[in-house]
Amino acid sequence: MEILNFDKENDYIKKVSEINKNRNLKYYILTMGCMLNENDSEKLCGMIEKMGYTKVSEAQKADLIVFNTCCVRENAEDKLFGNLGELKTYKRETGAIIALGGCMMQEKHIQEKLKVSYPYFDIIFGTHTLNKFPEDLFTILSKKEKVTDVIDIDGDIYEGIPIKRESSVKASVTIMYGCNNFCSYCIVPYVRGRERSRKHEDILKEITKLAKDGYKEITLLGQNVNSYDGGSGYKFSNLLNDVSKIEGIERIRFISPHPKDFTGDVIDAIKQNPKICKILHLPLQSGSSNILNKMNRKYTKNDYLTLAKKIKEKIPEVVFSTDIIVGFPGETEEDFNETLDVVNQIKFEQVFMFIYSRRVGTPADKMENQVPEEIKHERFNRLKALVESQVPENNKKYLGTTQKVLVEGESKNNKEMLTRKNRNK
Ligand code: SF4
């Protein structure tokens with residue numbers, strides 16, 4: 001793996017902007033999936049705006065339409081194909097460029113389906129070739145040739161990609177790419193490759209610049225942040241300590257750590273640095289050791305509870321959020337009750353709940369004893385009811401307190417309201 005600069009692509013940005021000069025072009029982007037994908041989309045927006053396009057919020061008003069896809073859940077596929085179907089006539093009438101990128105494009109069966117059923121796309125790019133988007137766009141604009149730019153091998157890390165951030169107060173910074181864990185339900189290691197960490201000097205430089213630009217909150221991103229390896233023994237805890245020293249940054253969050261890698265030095269760094277928010281995302285996935293083993297999570301229910309207890313003893317003000325998958329293959333009523341038991345014990349501040357969906361190419365897809373849909377939904381509803389029943393009790397600790405909040409902007413639902421977060425949300 002090499003750390004490369006963006007000079008070659010900057011040349012393509014210049015070439016495309018020359019072609020687009022004085023054309024008042026518009027682009028639309030739809031982002032599916034996680035915060036890592038959102039961060040990738042901010043990079044795409046940064047490149048696209050430098051090439052002469054202005055963002056619009058409707059695909060059918062755009063000259064360039066980009067779908068940055070995710071393949072973690074099945075419904076994302078339905079969403080992509082539904083959107084593409086709706087664009088068929090618009091594409092024929094206007095000649096708009098349709099570009100499809102992200103995790104889903106790394107999957108061979110998706111590429112085949114697109115070629116057969118939705119052949120009017122112009123560019124397919126994968127997770128390892130996002131940085132080449134200006135070159136791909138140049139090819140379609142100058143030669144009118146369709147481009148499929150997907151590679152299977154792990155990508156290099158590019159520094160210096162332009163970025164157009166959604167917010168002016170909080171920013172996500174990707175610190176590492178890929179994942180080595182191969183949880184049996186997860187497609188990420190197959191589509192995003194093995195773990196590659198950015199150099200800590202580059203990360204700190206980016207965050208220092210963000211602080212100078214007025215950003216107050218930073219979220220460090222990676223599929224497995226606590227296995228960050230900055231080289232020469234520089235670990236995730238070192239990064240947390242160094243980011244905390246950057247003047248102007250007031251809050252630091254990170255997502256996602258893996259419970260198996262949550263080491264004492266990381267707990268100490270969280271305790272010692274008041275800027276690090278004391279809500280920790282600790283993905284549980286299941287409370288049953290039997291299911292955790294089948295998931296290849298490499299910890300048991302007891303390991304998880306012991307870790308949470310250890311963190312809470314060292315940092316009493318800490319609260320937890322988590323991810324839970326309901327209905328993993330072979331999950332029995334007893335297994336599910338173990339999950340409810342952990343929820344009852346920890347009383348998570350936030351729970352991101354998912355109904356297990358089969359992903360082609362993962363070991364779990366081939367497992368026997370897939371749980372029937374109605375049982376998955378029934379368990380999901382029971383989990384949801386339990387989590388909701390804990391909200392009043394969880395919120396009681398804030399009664400009569402004064403909380404410092406970071407105002408993030410107008411509420412999406414009511415323009416007269418502002419949205420904000422305290423340190424525990
Ligand atoms: S840790 Fe597991 S769930 Fe998370 S990205 Fe890696 S393989 Fe997927």
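Source: prediction; values computed, not measured. For the single chain, residues carry numbers from 1 onward in sequence order. Both counts, for ligands and for their atoms, begin at 1 and track the order of listing.
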Step-by-step side chain to side chain contact (heavy atoms under 4.5 Å, CB included) determination, L383 to F336: CA-CA 9 Å; L383 174 63; F336 178 64; 4.1 Å; yes
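Ranking the protein heavy atoms by distance from atom 3 (S) of ligand 1 puts Y185 OH, 3.4 Å first. Scanning all protein heavy atoms for the shortest distance to atom 7 (S) of ligand 1 gives C183 N, 3.3 Å. Of all protein heavy atoms, the one lying nearest to atom 1 (S) of ligand 1 is N181 ND2, 3.4 Å.
A heavy-atom distance below 4.5 Å is found between the side chains of I29 and L44.
Side-chain polar atoms of N241 and S244 form no donor-acceptor pair below 3.5 angstrom.
By the 6.0 Å and 45° rule, K61 does not stack over the aromatic ring of Y28. With a 6.0 Å cutoff to the six-membered ring centre and a 45° limit on the axis angle, K113 counts as a cation-pi contact of F81.
Counting atoms of ligand 1 from 1 in the listed order, those under 4.0 Å from a heavy atom of Q223 are 5 (S). Less than 4.0 angstrom separates some heavy atom of V188 from each of these atoms of ligand 1: 5 (S). Within the listing of ligand 1, atoms 7 (S) sit less than 4.0 angstrom from a heavy atom of F182. Listed by number with element, the atoms of ligand 1 under 4.0 Å from a non-hydrogen atom of P189 are 7 (S).
At least one heavy atom of R297 sits less than 4.0 Å from an atom of ligand 1.
Between S256, C186, C34, it is C186 that holds the heavy atom closest to atom 8 (Fe) of ligand 1.
Under 4.0 Å is where a charged nitrogen must lie from a carboxylate oxygen, and between D152 and K108 at least one such pair does.
Atom 8 (Fe) of ligand 1 has no N, O or S atom of C179 closer than 2.8 Å.
The only member of I252, V243, I315 that meets side-chain contact (heavy atoms from CB on, under 4.5 Å) when paired with I276 is I252.
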